[in-house]
Every structure is written in structure tokens, then in C-alpha cells.
A.B. asks: 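A single structure is presented below for examination.
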Amino acid sequence: MAETLDPEFFDGLSVYQDVLWEGRVIRQGVRDCRERWELISPHVPQKAAVLDIGSNFGWFGLKICESCPQAVVASVEADPRSALIQRQVLASHEHRRLALLTARANCRLVERFARRGQRFDVALCLSILHWMPDHQEFLQQLGKIADRIIVEYPHPAEPDAGSARIRREIGEIGPYLARLFPARPVAYLGDCATHLDARLRRPIWLVDSAEQCAVATAAARPSSTSVELDFAALVQNGLSWPPRSWWEALAREPARHAAFAGLSAARLRSLLAQVPEQDLYGPRGRWRRQVRQAAGRWARRSLAWMH
């Protein structure tokens with residue numbers, strides 16, 4: 001493994017989070033992750049399964065695993081360059097409680113978890129909703145598998161943040177969340193600096209479980225009986241890290257690991273074959289990416305022809 005990341009990795013790339021290499025910052029991000037963590041951390045149980053959607057370089061997942069020794073994190077980053085950097089960052093830490101997934105953040109991602117019965121104590125949706133055409137259905141589906149959802153959203157006056165159409169659909173984020181989750185407490189946690197305008201700050205909101213007070217601390221909230229991540233659901237959502245050899249070693253343990261529950265030996269072998277060892281994508285992930293790229297090229301050519 002390289003001693004650090006080549007600076008050319010970041011050329012033309014949005015560096016939102018600090019890049020942590022073996023625990024030290026090697027590249028400063030434009031967003032203040034620590035300020036956000038101060039607002040988020042009281043609502044992450046010590047024993048938790050966490051879904052981090054649009055995780056960039058994995059800063060929050062690493063912080064959760066550092067602060068909560070019994071936590072596991074499913075870290076979703078579909079952008080290939082950001083995901084590649086995150087994979088190398090995780091390798092530099094030799095991290096095994098954080099699974100990097102390269103599937104797109106949409107309703108299908110949530111449905112794959114739901115089909116396998118995977119639940120999360122906390123889901124992080126930090127500055128992603130304003131990019132998602134299916135934002136409403138996505139959040140409603142996410143609410144079925146996540147006890148808590150933490151949402152960061154642009155200030156109404158921020159310029160050039162996400163899609164103008166989507167932001168018009170959502171409107172003010174607090175009332176929007178309250179409409180989507182009428183049976184669950186919705187609370188404003190605070191706000192954080194935005195990198196787009198130093199005069200403005202982005203609000204962070206919490207959608208809590210119906211059984212919990214929205215301002216309860218993690219210590220007062222009972223945690224899940226299990227915080228495993230389902231292996232099949234991870235593979236179906238583009239599992240990239242930990243590498244295949246680690247999962248193969250886990251599968252050889254005498255006591256069958258809970259992550260492999262319900263899988264036959266043949267199905268487990270098939271899933272293991274889809275996990276990459278050193279690359280970002282496994283065989284099926286590479287094929288899907290090639291299909292998406294071809295579809296994108298076709299769409300661009302069609303638009304050019306029409307004009």
C-alpha cells in the first residue's frame with residue numbers, strides 16, 4: 001500500500017471532507033466535519049448500525065467507529081473517484097467495521113437492505129437530498145429501516161446548491177420532514193457553516209423513532225440487540241471494502257458469522273466472488289458501470305442530434 005495518496009487524485013474533485021490517512025489529515029476539506037460531528041454524535045448510540053449515505057471520503061464513518069467501539073457502518077459513495085479515495089483511506093486504517101458500498105443512493109439501495117431485513121439505528125443524509133429526484137420516496141422507504149435519520153440541508157439563500165427544481169419541491173426542510181413523518185418526532189439540532197457562502201449556515205435536523213423523544217441522548221436510548229451488517233445486502237449494494245479475502249476468512253470461522261445468516265454454501269460462494277480484492281468494483285459492479293457509461297454516452301449523443 002502507498003505511504004499516502006498522490007495529490008493528483010484530487011485534481012478536479014470536490015474535497016468536502018478532511019481526508020484521514022492512518023488517522024492524520026492529509027488533505028483539508030471545505031466543510032467543517034468536526035462542527036457537524038458535535039451536533040450528530042449525541043444521537044449515535046455506542047452500539048449501533050449506521051448507514052452513511054453520500055459519504056465522500058468516509059470521515060463520519062471513521063469517527064463513528066472511533067467513538068463507538070461496538071458500531072458498524074455501511075458507507076455509501078457512488079462517485080468512482082471519491083469512492084476510490086475512501087477505499088484507500090480505509091485500507092490505510094486497516095478498517096474492518098466500515099463497509100464501503102458503491103451503489104447509487106436511491107430507493108433501490110434501501111429496498112435491497114429491506115429485503116434482507118437489515119435495520120439501522122441511524123442513517124446520515126448529510127447534504128444529499130437536494131441532488132435526489134426521488135427524495136420523498138427515498139426518505140419514506142429509509143424511514144422503514146432506520147430508527148433515526150439525520151438530515152443536513154442547504155440554507156434557503158445558498159446559491160448553486162443542488163437542483164433548483166428539487167429544492168423547490170422540498171421547500172423548508174423542517175416542515176417537509178414533519179409532513180413525511182407525522183408519527184415521528186422531528187427536531188432541529190443546530191446549524192453548520194456552508195462552504196458556498198460564509199454568511200450562511202446549513203441546518204441539521206433529526207427524525208427520531210416514534211418511541212423516542214427527539215432530544216434524548218444516545219445513553220438514554222436502548223440500542224439494537226444486533227449491530228451486524230448483512231453480507232448479501234452489502235454485496236447487492238456494491239460492496240468494495242473490506243476486501244474479499246477478509247470475508248473469506250470470516251466465512252471459514254467454525255462458528256457461522258451472523259453476517260452470513262440464511263445463506264447456503266453455494267450462495268455464499270457466489271456472493272464472495274462478486275467482492276473485489278484490490279479494485280474498487282467486483283465483476284458485476286464493473287459490468288453495471290460500463291452499462292451506465294454506455295447509456296450516458298447514448299443519451300448525450302441523442303440530445304446533441306436533437307439540437
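Since the model is a prediction, treat every value here as computed from it, not as a measurement. Throughout, numbering of the chain's residues begins at 1 and tracks the sequence.
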A.B. asks: Side-chain contact, heavy-atom cut-off 4.5 Å: Pro276 with Ser240?
C.D. replies: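 They are in side-chain contact.
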A.B. asks: Can you check side-chain contact (heavy atoms from CB on, under 4.5 Å) on Trp205 and Ile149, steps first, answer last?
C.D. replies: CA-CA 8 Å; Trp205 286 75; Ile149 305 173; over 6 Å; no
A.B. asks: Trp241 versus Leu101: any side-chain heavy-atom pair under 4.5 Å?
C.D. replies: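 No, side chains not in contact.
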A.B. asks: Got a sec, which residues hit ring-ring contact (aromatic ring centres under 6.0 Å, His included) with Phe260, two or more places apart in sequence or on another chain?
C.D. replies: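 Phe260: ring-ring contact (aromatic ring centres under 6.0 Å, His included) contacts with Phe231.
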A.B. asks: Residues in side-chain hydrogen bond (donor to acceptor under 3.5 Å, both in side chains) with Arg252, at least two apart?
C.D. replies: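 Expected list: none.
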A.B. asks: If you apply the rule salt bridge (Lys or Arg N to Asp or Glu O under 4.0 Å), what do you find for Arg34 with Glu38, and how did you get there?
C.D. replies: CA-CA 6 Å; Arg34 294 188 179 277; Glu38 289 299 315; over 6 Å; no
A.B. asks: Side chains of Met132 and Cys125: closer than 4.5 Å at any heavy-atom pair?
C.D. replies: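 Answer no - side chains too far apart.
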A.B. asks: Hydrophobic cluster membership, with links at side-chain heavy-atom distances under 4.5 Å among I/L/V/M/F/W/Y: are Leu139 and Trp131 in one?
C.D. replies: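 In one cluster: no.
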A.B. asks: Under the side-chain hydrogen bond (donor to acceptor under 3.5 Å, both in side chains) rule, collect the residues that match up with Arg179, sequence neighbours excluded.
C.D. replies: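 By the side-chain hydrogen bond (donor to acceptor under 3.5 Å, both in side chains) rule, Arg179 matches no residue at all.
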A.B. asks: To check you understand the geometry: which heavy-atom pair defines the closest contact between Ile166 and Pro133, and what is its length?
C.D. replies: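 Of all heavy-atom pairs spanning Ile166 and Pro133, the closest is CD1-N, 3.6 Å.
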A.B. asks: With sequence neighbours excluded, what pairs up with Asp52 under the salt bridge (Lys or Arg N to Asp or Glu O under 4.0 Å) test?
C.D. replies: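 For Asp52, no residue satisfies salt bridge (Lys or Arg N to Asp or Glu O under 4.0 Å) once neighbours in sequence are set aside.
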A.B. asks: Just wondering, more than 12 heavy atoms not from Glu253 lying within 6.0 Å of its CD?
C.D. replies: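 Enclosed: over 12 neighbouring heavy atoms sit under 6.0 Å from CD of Glu253.
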A.B. asks: Kindly check if the number of other-residue, nucleotide or ligand heavy atoms within 6.0 Å of CZ (Arg24) is above 12?
C.D. replies: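 Above 12, so yes.
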A.B. asks: Listed by chain and number, what are the ring-ring contact (aromatic ring centres under 6.0 Å, His included) partners of His257, not counting sequence neighbours?
C.D. replies: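 His257: no ring-ring contact (aromatic ring centres under 6.0 Å, His included) contacts found.
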A.B. asks: If I take atom CD1 from residue Ile26 and atom CD from residue Gln28, how far apart are they, to the nearest 0.5 angstrom?
C.D. replies: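 Spacing of CD1 (Ile26) from CD (Gln28) equals 11.5 Å.
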A.B. asks: Is there any salt bridge (charged side-chain N to carboxylate O under 4.0 Å, His left out) pair reaching into residues 82-95, and which pairs are they, with sequence neighbours excluded?
C.D. replies: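 Residue pairs passing salt bridge (charged side-chain N to carboxylate O under 4.0 Å, His left out), neighbours aside: none found.
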A.B. asks: Rounded at 0.5 Å granularity, tell me how far CD in Gln236 sits from CG in Leu271.
C.D. replies: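 Here the interatomic distance stands at 7.0 Å.
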A.B. asks: I want to check something: taking the side chain as every heavy atom from C-beta on, are Arg148 and His43 in contact at a cut-off of under 4.5 Å?
C.D. replies: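 Yes; the side chains approach each other to less than 4.5 Å.
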A.B. asks: Run His93 and Leu62 through side-chain contact (heavy atoms from CB on, under 4.5 Å) and show every step you take.
C.D. replies: CA-CA 9 Å; His93 291 80; Leu62 288 168; 3.9 Å; yes
A.B. asks: Could you check whether Glu248 pairs with Arg244 (Lys NZ or Arg NE/NH1/NH2 to Asp/Glu carboxylate O, under 4.0 Å)?
C.D. replies: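 Salt bridge between Glu248 and Arg244, a charged N being under 4.0 Å from a carboxylate O: yes.
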A.B. asks: Near Glu111 CD, under 6.0 Å, is it more than 12 heavy atoms from other residues, nucleotides or ligands?
C.D. replies: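 Count over threshold, so yes.
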A.B. asks: Please confirm whether the backbone N or O of Glu228 pairs with a side-chain atom of Gln118, one donor and one acceptor, at under 3.5 Å?
C.D. replies: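 Between the backbone of Glu228 and the side chain of Gln118 there is a qualifying donor-acceptor contact (under 3.5 Å).
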A.B. asks: Verify, without hydrogens or angle tests, whether Asn106 (side chain) and Leu109 (backbone) share a donor-acceptor contact under 3.5 angstrom.
C.D. replies: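 Yes; judged by distance alone, with no hydrogens or angles, the pair exists.
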A.B. asks: side-chain contact (heavy atoms from CB on, under 4.5 Å) with Cys192: which residues, sequence neighbours excluded?
C.D. replies: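 If we apply the side-chain contact (heavy atoms from CB on, under 4.5 Å) test to Cys192, skipping adjacent residues, the hits are Glu35, Arg36, Leu39, Ile204.
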A.B. asks: What's the separation between atom CZ in Arg201 and atom OG1 in Thr194, rounded to the nearest 0.5 Å?
C.D. replies: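 So the gap between those two atoms works out to 10.0 Å.
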A.B. asks: What pairs with Ala161 under side-chain contact (heavy atoms from CB on, under 4.5 Å), at least two apart in sequence or on another chain?
C.D. replies: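 For Ala161 the side-chain contact (heavy atoms from CB on, under 4.5 Å) partners, ignoring immediate neighbours, are His130, Pro154, Glu158, Arg167, Leu196, Arg202.
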A.B. asks: How about Val122 and Ile64: do any of their side-chain heavy atoms sit closer than 4.5 Å?
C.D. replies: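 No, side chains not in contact.
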A.B. asks: Are Tyr16 and Tyr153 co-members of a hydrophobic cluster defined by side-chain heavy atoms under 4.5 Å apart?
C.D. replies: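 No; tracing contacts between hydrophobic side chains, which count when under 4.5 Å, never links both residues.
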A.B. asks: Is there side-chain contact between Leu206 and Tyr188, with at least one heavy-atom pair below 4.5 Å?
C.D. replies: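 Answer no - side chains too far apart.
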A.B. asks: Do Ile173 and Val151 have side chains that get closer than 4.5 Å, going by heavy atoms?
C.D. replies: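 They are in side-chain contact.
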A.B. asks: With the side chain counted from C-beta on, respond yes when Leu100 and Leu90 share a heavy-atom pair under 4.5 Å apart, and no when they do not.
C.D. replies: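 Of all side-chain heavy-atom pairs linking Leu90 with Leu100, at least one is under 4.5 Å.
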A.B. asks: Identify, with sequence neighbours excluded, every residue that meets side-chain contact (heavy atoms from CB on, under 4.5 Å) alongside Ser67.
C.D. replies: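 With neighbours one apart ignored, the set is Trp37, Lys63.
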A.B. asks: Closer than 3.5 angstrom, by distance alone: can the side chain of Asn237 be matched with the main-chain N or O of Ala103 as a donor-acceptor pair?
C.D. replies: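 Absent.
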A.B. asks: Under 3.5 Å, is there a donor-acceptor pair between the side chain of Arg184 and the main chain of Gly143?
C.D. replies: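 It does hold such a pair.
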A.B. asks: What's the separation between atom CG in Asp32 and atom CD in Gln17, rounded to the nearest 0.5 Å?
C.D. replies: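 It is 11.5 Å, given to the nearest 0.5 Å.
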A.B. asks: In Å and rounded to the nearest 0.5 Å, what is the CH2 to CZ distance from Trp59 to Arg31?
C.D. replies: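 Trp59 atom CH2 to Arg31 atom CZ measures 13.5 Å (nearest 0.5 Å).
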A.B. asks: Val30 and Phe60: same hydrophobic cluster, using ILVMFWY side-chain contacts below 4.5 Å?
C.D. replies: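 Looking at the clustering, Phe60 is in a separate group from Val30.
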A.B. asks: State whether the side chain of Asp230 and the backbone N or O of Ala232 hold a donor-acceptor pair below 3.5 Å, judged by distance alone.
C.D. replies: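 Yes: the side chain of Asp230 pairs with the backbone of Ala232.
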A.B. asks: Output all residues satisfying side-chain contact (heavy atoms from CB on, under 4.5 Å) with Ile145, sequence neighbours left out; order by chain, then residue number.
C.D. replies: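 Testing Ile145 for side-chain contact (heavy atoms from CB on, under 4.5 Å), a comparison that skips the adjacent residues, returns Val110, Phe113, Ala114, Phe120, Leu142.
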A.B. asks: Run the side-chain hydrogen bond (donor to acceptor under 3.5 Å, both in side chains) test against Ser245 and tell me which residues pass, sequence neighbours left out.
C.D. replies: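 side-chain hydrogen bond (donor to acceptor under 3.5 Å, both in side chains) list for Ser245, sorted by chain: Glu277.
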A.B. asks: Identify every side-chain donor-acceptor pair in residues 69-84 under 3.5 Å, counting partners at least two apart or on other chains, and give the distances.
C.D. replies:
unit_1: Ser75; atom_1: OG; unit_2: Ser55; atom_2: OG; d: 2.7
unit_1: Ser75; atom_1: OG; unit_2: Gln86; atom_2: OE1; d: 2.6
unit_1: Glu77; atom_1: OE1; unit_2: Ser55; atom_2: N; d: 3.4
unit_1: Glu77; atom_1: OE1; unit_2: Asn56; atom_2: N; d: 2.6
unit_1: Glu77; atom_1: OE2; unit_2: Asp79; atom_2: N; d: 3.0
unit_1: Asp79; atom_1: OD2; unit_2: Arg81; atom_2: N; d: 3.4
unit_1: Asp79; atom_1: OD2; unit_2: Ser82; atom_2: N; d: 2.9
unit_1: Asp79; atom_1: OD2; unit_2: Ser82; atom_2: OG; d: 2.9
unit_1: Arg81; atom_1: NH1; unit_2: Asp11; atom_2: O; d: 3.0
unit_1: Arg81; atom_1: NH2; unit_2: Phe9; atom_2: O; d: 2.7
unit_1: Arg81; atom_1: NH2; unit_2: Asp11; atom_2: O; d: 2.7

A.B. asks: Decide yes or no on side-chain contact (heavy atoms from CB on, under 4.5 Å) for Phe138 and Ile53, but give the supporting numbers first.
C.D. replies: CA-CA 11 Å; Phe138 171 79; Ile53 303 166; 3.5 Å; yes
A.B. asks: In Å, rounded to the nearest 0.5 Å, how long is the span from CG of Leu20 to CZ of Arg27?
C.D. replies: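 Between Leu20 CG and Arg27 CZ, I get 14.0 Å after rounding to 0.5 Å.
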A.B. asks: Dump the intermediate steps for side-chain hydrogen bond (donor to acceptor under 3.5 Å, both in side chains) on His135 and Tyr176, then the final yes or no.
C.D. replies: CA-CA 11 Å; His135 52 88; Tyr176 168 82; 2.7 Å; yes
A.B. asks: Can you tell me if Asp134 uses its side chain to pair, donor with acceptor, with the backbone of Cys107 under 3.5 Å?
C.D. replies: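 Answer holds: yes.
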A.B. asks: Distance-only, no hydrogens or angles: does the Arg112 side chain make a donor-acceptor pair with backbone N or O of Ala233 under 3.5 Å?
C.D. replies: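 It does not hold such a pair.
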A.B. asks: Might you work through the side-chain contact (heavy atoms from CB on, under 4.5 Å) test for Arg119 and Asp147, ending with a clear yes or no?
C.D. replies: CA-CA 8 Å; Arg119 290 197 58 83; Asp147 292 342; 2.9 Å; yes
